[in-house]
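These notes concern the structure reproduced below.
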Number of protein chains: 2
Amino acid sequence: MKRTKVPTATVGRLSIYGRLLIQMEEEGVEVASSAQLAARCGLNPAQIRKDLAYFGAFGIRGVGYRVNELKDRLKDVLGVTRVWKVALVGAGNLGSALAAYRGFLAHGFEIDAVFDKYPNRCVLSAKKTVEVFGLKELKRVVSQRGIKIGVVAVPQEGAQSVVDQLVDAGIQGILNFAPIRPDVPEHVRVKNVDLGSELESLTFYLSKPVKG
Amino acid sequence: MKRTKVPTATVGRLSIYGRLLIQMEEEGVEVASSAQLAARCGLNPAQIRKDLAYFGAFGIRGVGYRVNELKDRLKDVLGVTRVWKVALVGAGNLGSALAAYRGFLAHGFEIDAVFDKYPNRCVLSAKKTVEVFGLKELKRVVSQRGIKIGVVAVPQEGAQSVVDQLVDAGIQGILNFAPIRPDVPEHVRVKNVDLGSELESLTFYLSKPVKG
DNA sequence: TTTTGTGAAGACATTCACAGCG
DNA sequence: CGCTGTGAATGTCTTCACAAAA
(Lines give C-alpha, C1' and ligand atoms only; values in the text may rest on other atoms or scores of the structure.)
Protein backbone atom coordinates (compact mmCIF):
# COMPACT_ATOMS: atom_id res chain seq x y z
CA MET A 1 0.00 0.00 0.00
CA LYS A 2 1.17 3.51 -0.81
CA ARG A 3 0.68 6.77 0.98
CA THR A 4 1.79 8.88 -1.95
CA LYS A 5 -0.62 11.19 -3.68
CA VAL A 6 -2.80 9.46 -6.24
CA PRO A 7 -2.11 10.85 -9.72
CA THR A 8 -5.09 12.50 -11.38
CA ALA A 9 -4.55 10.22 -14.36
CA THR A 10 -5.13 7.24 -12.08
CA VAL A 11 -8.29 8.74 -10.60
CA GLY A 12 -9.63 9.24 -14.09
CA ARG A 13 -9.25 5.55 -14.81
CA LEU A 14 -10.80 4.20 -11.63
CA SER A 15 -14.33 4.46 -12.87
CA ILE A 16 -13.39 2.68 -16.09
CA TYR A 17 -12.11 -0.19 -13.98
CA GLY A 18 -15.24 -0.05 -11.89
CA ARG A 19 -17.51 -0.39 -14.86
CA LEU A 20 -15.42 -3.14 -16.38
CA LEU A 21 -15.56 -5.11 -13.14
CA ILE A 22 -19.33 -4.78 -12.93
CA GLN A 23 -19.56 -6.12 -16.44
CA MET A 24 -17.26 -9.04 -15.73
CA GLU A 25 -19.16 -9.85 -12.58
CA GLU A 26 -22.36 -10.05 -14.62
CA GLU A 27 -20.60 -12.44 -16.95
CA GLY A 28 -19.78 -14.64 -14.01
CA VAL A 29 -16.03 -14.03 -14.04
CA GLU A 30 -14.69 -14.45 -10.50
CA VAL A 31 -11.01 -13.71 -10.90
CA ALA A 32 -9.22 -11.53 -13.43
CA SER A 33 -5.55 -10.87 -14.02
CA SER A 34 -4.20 -7.45 -14.86
CA ALA A 35 -3.53 -8.77 -18.34
CA GLN A 36 -7.18 -9.72 -18.83
CA LEU A 37 -8.41 -6.42 -17.48
CA ALA A 38 -5.94 -4.59 -19.69
CA ALA A 39 -7.05 -6.44 -22.79
CA ARG A 40 -10.63 -5.43 -22.16
CA CYS A 41 -10.05 -1.75 -21.68
CA GLY A 42 -7.13 -1.17 -23.98
CA LEU A 43 -4.56 -0.27 -21.35
CA ASN A 44 -1.20 -1.59 -20.26
CA PRO A 45 -1.27 -4.33 -17.57
CA ALA A 46 1.47 -2.64 -15.54
CA GLN A 47 -0.53 0.55 -15.46
CA ILE A 48 -3.55 -1.23 -14.07
CA ARG A 49 -1.48 -2.93 -11.38
CA LYS A 50 0.11 0.34 -10.43
CA ASP A 51 -3.21 2.16 -10.32
CA LEU A 52 -4.76 -0.48 -8.11
CA ALA A 53 -1.75 -0.67 -5.85
CA TYR A 54 -2.32 2.93 -4.72
CA PHE A 55 -5.25 1.67 -2.71
CA GLY A 56 -3.63 -1.42 -1.33
CA ALA A 57 -6.08 -3.49 -3.31
CA PHE A 58 -4.08 -6.65 -3.01
CA GLY A 59 -4.40 -9.05 -5.83
CA ILE A 60 -3.29 -12.62 -5.40
CA ARG A 61 0.13 -13.34 -6.85
CA GLY A 62 0.04 -16.06 -9.41
CA VAL A 63 -3.72 -15.67 -9.72
CA GLY A 64 -5.07 -12.16 -10.23
CA TYR A 65 -7.79 -10.02 -8.62
CA ARG A 66 -11.08 -11.20 -7.18
CA VAL A 67 -13.58 -9.37 -9.34
CA ASN A 68 -16.26 -8.88 -6.72
CA GLU A 69 -13.87 -7.79 -4.01
CA LEU A 70 -12.02 -5.35 -6.21
CA LYS A 71 -15.25 -3.86 -7.51
CA ASP A 72 -16.43 -3.11 -3.98
CA ARG A 73 -13.06 -1.69 -3.03
CA LEU A 74 -13.13 0.69 -6.00
CA LYS A 75 -16.68 1.82 -5.30
CA ASP A 76 -15.53 2.65 -1.83
CA VAL A 77 -12.44 4.52 -2.98
CA LEU A 78 -14.49 6.54 -5.46
CA GLY A 79 -17.10 7.36 -2.86
CA VAL A 80 -19.94 5.97 -4.94
CA THR A 81 -21.36 3.72 -2.28
CA ARG A 82 -23.96 6.40 -1.65
CA VAL A 83 -26.25 8.39 -3.93
CA TRP A 84 -25.01 11.91 -4.55
CA LYS A 85 -27.47 14.74 -4.98
CA VAL A 86 -26.68 17.00 -7.90
CA ALA A 87 -27.77 20.55 -8.69
CA LEU A 88 -28.20 21.23 -12.38
CA VAL A 89 -28.00 24.82 -13.57
CA GLY A 90 -29.33 25.57 -17.02
CA ALA A 91 -32.48 23.96 -18.39
CA GLY A 92 -31.87 24.63 -22.06
CA ASN A 93 -31.21 21.96 -24.64
CA LEU A 94 -28.16 20.52 -23.02
CA GLY A 95 -29.42 20.87 -19.46
CA SER A 96 -32.72 19.17 -20.20
CA ALA A 97 -30.89 16.32 -21.82
CA LEU A 98 -28.62 15.90 -18.88
CA ALA A 99 -31.61 15.85 -16.57
CA ALA A 100 -33.11 13.07 -18.64
CA TYR A 101 -29.86 11.20 -19.11
CA ARG A 102 -30.08 7.91 -17.30
CA GLY A 103 -26.36 7.35 -17.17
CA PHE A 104 -26.06 9.64 -14.17
CA LEU A 105 -28.54 7.69 -12.15
CA ALA A 106 -26.78 4.46 -13.06
CA HIS A 107 -23.62 5.87 -11.54
CA GLY A 108 -25.28 6.89 -8.30
CA PHE A 109 -26.08 10.51 -9.06
CA GLU A 110 -29.49 12.05 -8.78
CA ILE A 111 -30.54 15.42 -10.09
CA ASP A 112 -32.12 16.91 -7.03
CA ALA A 113 -32.71 20.50 -8.10
CA VAL A 114 -32.72 22.34 -11.41
CA PHE A 115 -32.15 26.07 -11.83
CA ASP A 116 -32.58 28.37 -14.78
CA LYS A 117 -32.71 32.04 -15.55
CA TYR A 118 -36.23 31.48 -16.86
CA PRO A 119 -37.69 29.08 -14.35
CA ASN A 120 -41.13 28.77 -15.88
CA ARG A 121 -40.04 25.84 -17.94
CA CYS A 122 -40.16 22.39 -16.49
CA VAL A 123 -37.76 19.59 -17.09
CA LEU A 124 -38.15 15.86 -17.27
CA SER A 125 -35.53 14.16 -15.12
CA ALA A 126 -34.64 10.50 -15.35
CA LYS A 127 -37.05 9.77 -12.52
CA LYS A 128 -39.76 12.38 -12.78
CA THR A 129 -40.75 15.83 -13.88
CA VAL A 130 -38.78 18.32 -11.84
CA GLU A 131 -39.67 21.85 -10.94
CA VAL A 132 -37.20 24.44 -12.16
CA PHE A 133 -36.13 27.13 -9.69
CA GLY A 134 -35.01 30.63 -10.55
CA LEU A 135 -31.36 31.48 -10.10
CA LYS A 136 -32.17 33.67 -7.11
CA GLU A 137 -33.15 30.60 -5.17
CA LEU A 138 -29.97 28.72 -5.98
CA LYS A 139 -28.09 29.50 -2.81
CA ARG A 140 -31.01 28.82 -0.51
CA VAL A 141 -32.05 25.51 -2.09
CA VAL A 142 -28.55 24.14 -2.60
CA SER A 143 -27.38 24.87 0.91
CA GLN A 144 -30.62 23.74 2.53
CA ARG A 145 -30.51 20.44 0.72
CA GLY A 146 -26.80 20.01 1.33
CA ILE A 147 -26.05 19.44 -2.34
CA LYS A 148 -22.32 19.14 -2.94
CA ILE A 149 -22.11 18.61 -6.70
CA GLY A 150 -23.16 21.07 -9.39
CA VAL A 151 -23.53 20.67 -13.13
CA VAL A 152 -23.25 23.85 -15.17
CA ALA A 153 -25.03 23.82 -18.54
CA VAL A 154 -25.54 27.52 -19.22
CA PRO A 155 -24.08 29.60 -22.06
CA GLN A 156 -20.61 31.08 -21.81
CA GLU A 157 -21.82 34.50 -20.65
CA GLY A 158 -23.50 33.36 -17.49
CA ALA A 159 -21.14 30.57 -16.57
CA GLN A 160 -18.65 32.24 -14.24
CA SER A 161 -21.44 33.90 -12.30
CA VAL A 162 -23.27 30.59 -11.90
CA VAL A 163 -20.08 28.93 -10.72
CA ASP A 164 -19.59 31.70 -8.17
CA GLN A 165 -23.09 31.19 -6.86
CA LEU A 166 -22.64 27.45 -6.63
CA VAL A 167 -19.40 27.87 -4.71
CA ASP A 168 -21.08 30.38 -2.44
CA ALA A 169 -23.83 27.85 -1.77
CA GLY A 170 -21.32 25.27 -0.58
CA ILE A 171 -20.80 23.18 -3.70
CA GLN A 172 -17.51 21.24 -3.69
CA GLY A 173 -17.39 19.69 -7.14
CA ILE A 174 -18.50 21.10 -10.48
CA LEU A 175 -19.00 19.45 -13.84
CA ASN A 176 -18.87 22.35 -16.28
CA PHE A 177 -20.17 22.22 -19.84
CA ALA A 178 -19.70 25.91 -20.55
CA PRO A 179 -16.73 26.73 -22.76
CA ILE A 180 -14.73 28.54 -20.10
CA ARG A 181 -12.27 27.52 -17.41
CA PRO A 182 -14.01 28.96 -14.39
CA ASP A 183 -12.11 30.51 -11.50
CA VAL A 184 -12.83 28.68 -8.27
CA PRO A 185 -11.33 28.56 -4.79
CA GLU A 186 -8.79 25.86 -4.18
CA HIS A 187 -11.10 23.56 -2.28
CA VAL A 188 -13.52 23.25 -5.19
CA ARG A 189 -12.88 20.63 -7.86
CA VAL A 190 -13.87 21.37 -11.45
CA LYS A 191 -14.15 19.06 -14.44
CA ASN A 192 -14.61 20.77 -17.77
CA VAL A 193 -16.38 19.09 -20.66
CA ASP A 194 -16.30 21.23 -23.77
CA LEU A 195 -18.23 19.55 -26.54
CA GLY A 196 -17.33 22.07 -29.21
CA SER A 197 -13.63 21.76 -28.42
CA GLU A 198 -13.77 18.01 -28.53
CA LEU A 199 -15.09 18.11 -32.06
CA GLU A 200 -12.61 20.78 -33.08
CA SER A 201 -9.67 18.75 -31.91
CA LEU A 202 -10.99 15.90 -34.05
CA THR A 203 -10.97 18.06 -37.16
CA PHE A 204 -7.36 18.97 -36.52
CA TYR A 205 -6.43 15.42 -37.39
CA LEU A 206 -9.00 15.03 -40.16
CA SER A 207 -7.85 18.02 -42.12
CA LYS A 208 -4.32 16.67 -42.22
CA PRO A 209 -3.23 14.76 -45.30
CA VAL A 210 -3.65 11.00 -45.00
CA LYS A 211 -0.61 9.55 -43.28
CA GLY A 212 1.85 7.74 -45.51
CA MET B 1 8.52 27.09 -37.07
CA LYS B 2 8.79 23.45 -36.02
CA ARG B 3 8.38 20.27 -37.97
CA THR B 4 8.05 18.09 -34.87
CA LYS B 5 4.83 16.28 -34.13
CA VAL B 6 2.26 18.45 -32.40
CA PRO B 7 1.51 17.05 -28.92
CA THR B 8 -2.08 16.01 -28.39
CA ALA B 9 -2.16 18.22 -25.33
CA THR B 10 -1.43 21.19 -27.56
CA VAL B 11 -4.14 20.25 -30.04
CA GLY B 12 -6.61 20.08 -27.19
CA ARG B 13 -5.86 23.67 -26.27
CA LEU B 14 -6.04 25.18 -29.74
CA SER B 15 -9.77 25.57 -29.72
CA ILE B 16 -9.62 27.24 -26.31
CA TYR B 17 -7.26 29.78 -27.81
CA GLY B 18 -9.52 30.14 -30.80
CA ARG B 19 -12.54 30.96 -28.72
CA LEU B 20 -10.60 33.34 -26.52
CA LEU B 21 -9.35 35.21 -29.56
CA ILE B 22 -12.85 35.52 -30.99
CA GLN B 23 -13.96 36.98 -27.70
CA MET B 24 -11.07 39.44 -27.55
CA GLU B 25 -11.69 40.46 -31.12
CA GLU B 26 -15.29 41.29 -30.21
CA GLU B 27 -13.99 43.40 -27.37
CA GLY B 28 -11.89 45.34 -29.84
CA VAL B 29 -8.52 44.08 -28.61
CA GLU B 30 -6.06 44.17 -31.49
CA VAL B 31 -2.91 42.80 -29.95
CA ALA B 32 -2.43 40.41 -27.05
CA SER B 33 0.69 39.13 -25.32
CA SER B 34 1.07 35.55 -24.20
CA ALA B 35 0.80 36.84 -20.62
CA GLN B 36 -2.59 38.44 -21.32
CA LEU B 37 -3.87 35.35 -23.09
CA ALA B 38 -2.60 33.19 -20.27
CA ALA B 39 -4.33 35.30 -17.64
CA ARG B 40 -7.64 34.92 -19.43
CA CYS B 41 -7.57 31.19 -19.81
CA GLY B 42 -5.72 30.16 -16.70
CA LEU B 43 -2.64 28.74 -18.36
CA ASN B 44 1.07 29.43 -18.28
CA PRO B 45 2.37 32.04 -20.78
CA ALA B 46 5.28 29.86 -21.85
CA GLN B 47 2.90 27.07 -22.67
CA ILE B 48 0.86 29.31 -24.91
CA ARG B 49 3.94 30.55 -26.72
CA LYS B 50 5.17 27.02 -27.21
CA ASP B 51 1.80 25.81 -28.45
CA LEU B 52 1.54 28.61 -30.97
CA ALA B 53 5.12 28.22 -32.11
CA TYR B 54 4.34 24.76 -33.48
CA PHE B 55 2.47 26.44 -36.29
CA GLY B 56 4.95 29.16 -36.97
CA ALA B 57 2.37 31.67 -35.83
CA PHE B 58 4.87 34.43 -35.36
CA GLY B 59 4.08 36.93 -32.73
CA ILE B 60 5.86 40.24 -32.67
CA ARG B 61 8.69 40.40 -30.12
CA GLY B 62 8.25 43.16 -27.65
CA VAL B 63 4.58 43.43 -28.63
CA GLY B 64 2.57 40.23 -28.70
CA TYR B 65 0.21 38.56 -31.16
CA ARG B 66 -2.20 40.24 -33.56
CA VAL B 67 -5.55 38.93 -32.39
CA ASN B 68 -7.27 38.85 -35.74
CA GLU B 69 -4.37 37.29 -37.59
CA LEU B 70 -3.78 34.62 -34.96
CA LYS B 71 -7.45 33.75 -34.84
CA ASP B 72 -7.54 33.12 -38.58
CA ARG B 73 -4.34 31.12 -38.42
CA LEU B 74 -5.78 28.87 -35.72
CA LYS B 75 -9.04 28.36 -37.55
CA ASP B 76 -7.01 27.25 -40.48
CA VAL B 77 -4.83 24.90 -38.46
CA LEU B 78 -7.89 23.33 -36.83
CA GLY B 79 -9.62 22.92 -40.15
CA VAL B 80 -12.71 24.81 -39.04
CA THR B 81 -12.82 27.20 -41.95
CA ARG B 82 -15.49 24.98 -43.45
CA VAL B 83 -18.68 23.45 -42.08
CA TRP B 84 -18.32 19.79 -41.17
CA LYS B 85 -21.22 17.42 -41.61
CA VAL B 86 -21.80 15.14 -38.66
CA ALA B 87 -23.66 11.84 -38.35
CA LEU B 88 -25.34 11.34 -35.00
CA VAL B 89 -26.14 7.79 -33.92
CA GLY B 90 -28.58 7.39 -31.06
CA ALA B 91 -31.68 9.54 -30.74
CA GLY B 92 -32.40 8.87 -27.08
CA ASN B 93 -32.13 11.46 -24.35
CA LEU B 94 -28.53 12.33 -24.88
CA GLY B 95 -28.64 12.09 -28.65
CA SER B 96 -31.69 14.34 -28.94
CA ALA B 97 -30.00 16.89 -26.77
CA LEU B 98 -26.88 16.84 -28.83
CA ALA B 99 -28.97 17.33 -31.96
CA ALA B 100 -30.54 20.38 -30.39
CA TYR B 101 -27.33 21.70 -28.89
CA ARG B 102 -26.44 24.94 -30.61
CA GLY B 103 -22.82 24.88 -29.53
CA PHE B 104 -21.97 22.48 -32.33
CA LEU B 105 -23.34 24.76 -34.99
CA ALA B 106 -21.44 27.67 -33.51
CA HIS B 107 -18.24 25.71 -33.97
CA GLY B 108 -18.93 24.88 -37.58
CA PHE B 109 -20.52 21.47 -37.21
CA GLU B 110 -23.87 20.51 -38.61
CA ILE B 111 -25.83 17.40 -37.78
CA ASP B 112 -26.60 16.10 -41.21
CA ALA B 113 -28.07 12.70 -40.47
CA VAL B 114 -29.44 10.98 -37.39
CA PHE B 115 -29.66 7.21 -36.91
CA ASP B 116 -31.39 5.09 -34.31
CA LYS B 117 -32.37 1.50 -33.71
CA TYR B 118 -35.99 2.69 -33.56
CA PRO B 119 -36.15 5.24 -36.33
CA ASN B 120 -39.78 6.19 -35.96
CA ARG B 121 -38.90 8.91 -33.53
CA CYS B 122 -38.00 12.30 -34.89
CA VAL B 123 -35.46 14.67 -33.53
CA LEU B 124 -35.22 18.44 -33.42
CA SER B 125 -31.82 19.61 -34.56
CA ALA B 126 -30.48 23.09 -33.98
CA LYS B 127 -31.72 24.12 -37.41
CA LYS B 128 -34.72 21.99 -38.13
CA THR B 129 -36.57 18.79 -37.45
CA VAL B 130 -34.51 15.95 -38.81
CA GLU B 131 -35.69 12.60 -40.03
CA VAL B 132 -34.21 9.67 -38.16
CA PHE B 133 -32.88 6.77 -40.23
CA GLY B 134 -32.68 3.17 -39.14
CA LEU B 135 -29.28 1.70 -38.44
CA LYS B 136 -29.46 -0.41 -41.59
CA GLU B 137 -29.24 2.74 -43.66
CA LEU B 138 -26.20 4.06 -41.84
CA LYS B 139 -23.58 2.90 -44.27
CA ARG B 140 -25.48 3.99 -47.34
CA VAL B 141 -26.38 7.47 -46.10
CA VAL B 142 -23.05 8.26 -44.47
CA SER B 143 -20.96 7.25 -47.44
CA GLN B 144 -23.31 8.84 -49.97
CA ARG B 145 -23.23 12.13 -48.14
CA GLY B 146 -19.50 11.94 -47.54
CA ILE B 147 -19.87 12.47 -43.80
CA LYS B 148 -16.52 12.16 -42.04
CA ILE B 149 -17.44 12.75 -38.39
CA GLY B 150 -19.67 10.57 -36.25
CA VAL B 151 -21.14 11.15 -32.80
CA VAL B 152 -22.05 8.02 -30.85
CA ALA B 153 -24.77 8.43 -28.24
CA VAL B 154 -26.07 4.90 -27.84
CA PRO B 155 -25.95 2.68 -24.75
CA GLN B 156 -22.90 0.64 -23.93
CA GLU B 157 -24.22 -2.57 -25.49
CA GLY B 158 -24.61 -1.23 -29.00
CA ALA B 159 -21.63 1.08 -29.05
CA GLN B 160 -18.85 -1.06 -30.51
CA SER B 161 -21.13 -2.28 -33.27
CA VAL B 162 -22.15 1.27 -34.13
CA VAL B 163 -18.53 2.35 -34.20
CA ASP B 164 -17.71 -0.53 -36.55
CA GLN B 165 -20.50 0.50 -38.88
CA LEU B 166 -19.37 4.12 -38.87
CA VAL B 167 -15.81 3.12 -39.68
CA ASP B 168 -17.07 0.86 -42.43
CA ALA B 169 -19.00 3.79 -43.87
CA GLY B 170 -15.86 5.87 -44.13
CA ILE B 171 -16.02 7.95 -40.95
CA GLN B 172 -12.63 9.31 -39.87
CA GLY B 173 -13.35 10.92 -36.51
CA ILE B 174 -15.67 9.81 -33.73
CA LEU B 175 -16.93 11.60 -30.66
CA ASN B 176 -18.04 8.79 -28.38
CA PHE B 177 -20.37 9.24 -25.41
CA ALA B 178 -20.77 5.55 -24.69
CA PRO B 179 -18.82 4.31 -21.69
CA ILE B 180 -16.42 2.11 -23.62
CA ARG B 181 -13.11 2.64 -25.37
CA PRO B 182 -14.02 1.41 -28.83
CA ASP B 183 -11.58 -0.50 -31.00
CA VAL B 184 -10.93 1.32 -34.25
CA PRO B 185 -8.42 1.08 -37.08
CA GLU B 186 -5.39 3.31 -36.78
CA HIS B 187 -6.58 5.92 -39.25
CA VAL B 188 -9.72 6.71 -37.24
CA ARG B 189 -9.52 9.26 -34.44
CA VAL B 190 -11.70 8.80 -31.36
CA LYS B 191 -12.53 11.21 -28.56
CA ASN B 192 -14.29 9.69 -25.58
CA VAL B 193 -16.57 11.73 -23.35
CA ASP B 194 -17.83 9.70 -20.44
CA LEU B 195 -20.24 11.75 -18.37
CA GLY B 196 -20.66 9.17 -15.64
CA SER B 197 -16.91 8.83 -15.21
CA GLU B 198 -16.44 12.56 -15.02
CA LEU B 199 -18.81 12.77 -12.11
CA GLU B 200 -17.26 9.76 -10.44
CA SER B 201 -13.81 11.23 -10.55
CA LEU B 202 -15.23 14.32 -8.86
CA THR B 203 -16.56 12.29 -5.97
CA PHE B 204 -13.15 10.75 -5.44
CA TYR B 205 -11.97 14.11 -4.25
CA LEU B 206 -15.17 15.02 -2.41
CA SER B 207 -15.24 11.95 -0.27
CA LYS B 208 -11.78 12.72 1.04
CA PRO B 209 -11.46 14.54 4.36
CA VAL B 210 -11.17 18.32 4.04
CA LYS B 211 -7.53 19.20 3.47
CA GLY B 212 -5.65 20.56 6.45
C1' DT C 1 12.56 47.79 -23.23
C1' DT C 2 9.29 44.42 -23.91
C1' DT C 3 7.94 40.08 -25.32
C1' DT C 4 8.72 36.23 -28.32
C1' DG C 5 10.70 31.60 -29.32
C1' DT C 6 13.17 27.85 -27.43
C1' DG C 7 16.81 24.89 -25.21
C1' DA C 8 17.24 22.90 -20.68
C1' DA C 9 15.20 21.53 -16.34
C1' DG C 10 11.60 19.79 -13.88
C1' DA C 11 7.25 17.44 -13.07
C1' DC C 12 4.31 13.95 -14.29
C1' DA C 13 2.84 9.58 -16.54
C1' DT C 14 3.64 5.22 -18.76
C1' DT C 15 6.06 1.12 -19.60
C1' DC C 16 9.64 -2.20 -18.69
C1' DA C 17 11.57 -5.83 -16.21
C1' DC C 18 12.17 -8.52 -12.37
C1' DA C 19 12.21 -9.82 -7.39
C1' DG C 20 9.19 -12.11 -4.45
C1' DC C 21 4.94 -14.25 -3.07
C1' DG C 22 1.17 -17.62 -3.58
C1' DC D 1 5.30 -21.99 -12.28
C1' DG D 2 2.24 -17.34 -13.02
C1' DC D 3 1.12 -13.01 -11.64
C1' DT D 4 1.43 -9.10 -8.50
C1' DG D 5 3.76 -5.13 -6.78
C1' DT D 6 7.32 -1.89 -7.62
C1' DG D 7 11.99 0.37 -8.60
C1' DA D 8 14.20 2.01 -12.58
C1' DA D 9 13.95 3.55 -17.36
C1' DT D 10 11.59 5.83 -20.73
C1' DG D 11 8.44 8.99 -22.64
C1' DT D 12 5.50 13.06 -22.55
C1' DC D 13 4.07 17.59 -20.95
C1' DT D 14 4.89 21.86 -18.43
C1' DT D 15 7.59 25.50 -16.66
C1' DC D 16 11.82 28.12 -16.26
C1' DA D 17 15.00 31.28 -17.84
C1' DC D 18 17.36 33.77 -21.25
C1' DA D 19 19.25 35.08 -25.90
C1' DA D 20 17.60 37.35 -29.80
C1' DA D 21 14.37 40.33 -32.25
C1' DA D 22 11.30 44.30 -32.84
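Computed from heavy atoms alone, side chains included, the values below leave out hydrogens, waters and symmetry copies. From a predicted model like this one, the values you see are computed outputs, not experimental measurements.
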Next item on the list: Measure from CD on A:Q36 to P on D:dG2 and round the result to the nearest Å.
Entry: 14 Å
Note to self: I need a per-nucleotide contact map over nucleotides 9-17 of chain C, read 5' to 3'. Cutoff is protein heavy atoms under 4.0 Å; write B for the base, S for backbone only, - otherwise.
What the structure shows: ----SSBBB
Notebook entry, point to check: Are any of the side-chain nitrogens in B:K71 or B:E25 under 4.0 Å away from the carboxylate oxygens of its partner?
Noted result: yes
Item checked: Partner set under side-chain contact (heavy atoms from CB on, under 4.5 Å) for B:Q23, not counting sequence neighbours -> A:Q156, B:E27, B:R40
Checklist line | Residue pair A:V167 / A:P185: nearest heavy atoms and the distance that separates them | finding: CG1-CG, 3.6 Å
Check: Does B:D72 pair with B:K75 as a salt bridge, N-O distance under 4.0 Å?
Finding: no
Next item on the list: Begin from the C-alpha positions of B:L52 and B:L74 and carry the test side-chain contact (heavy atoms from CB on, under 4.5 Å) through to its verdict.
Entry: CA-CA 9 Å; B:L52 298 179; B:L74 284 183; 4.2 Å; yes
Checklist line | B:Y65 side-chain N/O to C:dT2 phosphate OP1/OP2 under 4.0 Å | finding: no
Notebook entry, point to check: Does B:S34 have a side-chain nitrogen or oxygen under 4.0 Å from the phosphate oxygens OP1 or OP2 of C:dT3?
Noted result: no
Next item on the list: Answer yes or no: is there an ion pair linking B:E198 with A:K191, defined by an N-O contact shorter than 4.0 Å?
Entry: yes
Item checked: Separation between OG1 of A:T203 and CG of B:L14, rounded to the nearest 0.5 Å -> 9.5 Å
Under 3.5 Å, N/O pairs linking protein and nucleotides 19-22 of chain D:
from   : atom 1 : to    : atom 2 : distance (Å)
D:dA20 : N3     : B:R61 : NH1    : 2.9

Check: Looking at A:I22, A:L20, A:L21, which hits side chain to side chain contact (heavy atoms under 4.5 Å, CB included) with A:V67?
Finding: A:L21
Margin query: What is the separation between atom CD1 on B:I48 and atom P on C:dT3, rounded to the nearest whole Å?
Written below: 14 Å
